[in-house]
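Let me begin by presenting the structure, written as structure tokens, before commenting on it.
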Amino acid sequence: MGLGGCIILIAAGAILTFATDWDMRGVNLNLVGVIFMIVGLIGVATFSSIARRRRVVVPPTTPVIDDTRPRSRDGYSDGYGV
């Protein structure tokens, strides 16, 4: 479930809890709304922790060039004179 689904769950739970006065036999709509809001909040927390972990940027590794070896030019090692 994405972030949008979690926000929809929170909004639907708030509507069921605070904005309705329906009475259904065998169903407590206030409790259902609270459960929706809790599940939505857990989803937002989970989504944000996963999204934070995905955003870690690893810098690219650069090749190490060893320039400590002295270069000698004798005329034969560069391909000329063969």
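Just so it is clear, the structure is predicted and the values come from calculations on it, not from any experiment.
Both V32 and W22 are part of a single hydrophobic cluster, where members link through side-chain heavy atoms under 4.5 Å apart. At a threshold of 4.5 Å between side-chain heavy atoms, the hydrophobic network of Ile, Leu, Val, Met, Phe, Trp and Tyr places L3 and I10 in one connected group. V39 and V27 fall within the same hydrophobic cluster, defined by Ile, Leu, Val, Met, Phe, Trp and Tyr side-chain heavy atoms under 4.5 Å apart, directly or through other members. Hydrophobic clustering (ILVMFWY, side-chain heavy atoms < 4.5 Å, transitive): I7 and L41 are in one cluster.
Taking both residues in full, the closest heavy atoms of L9 and F36 are given as O-CB, 3.6 Å, listed atom of the first, atom of the second, then distance. A pairwise comparison of heavy atoms in T17 and V34 identifies OG1-N, 3.3 Å as the closest pair.
Rounded to the nearest 0.5 angstrom, T20 OG1 and N30 CG are separated by 6.5 Å. Atoms CG and CD1, from L16 and I35 in turn, are 11.0 Å apart once rounded to the nearest 0.5 Å.
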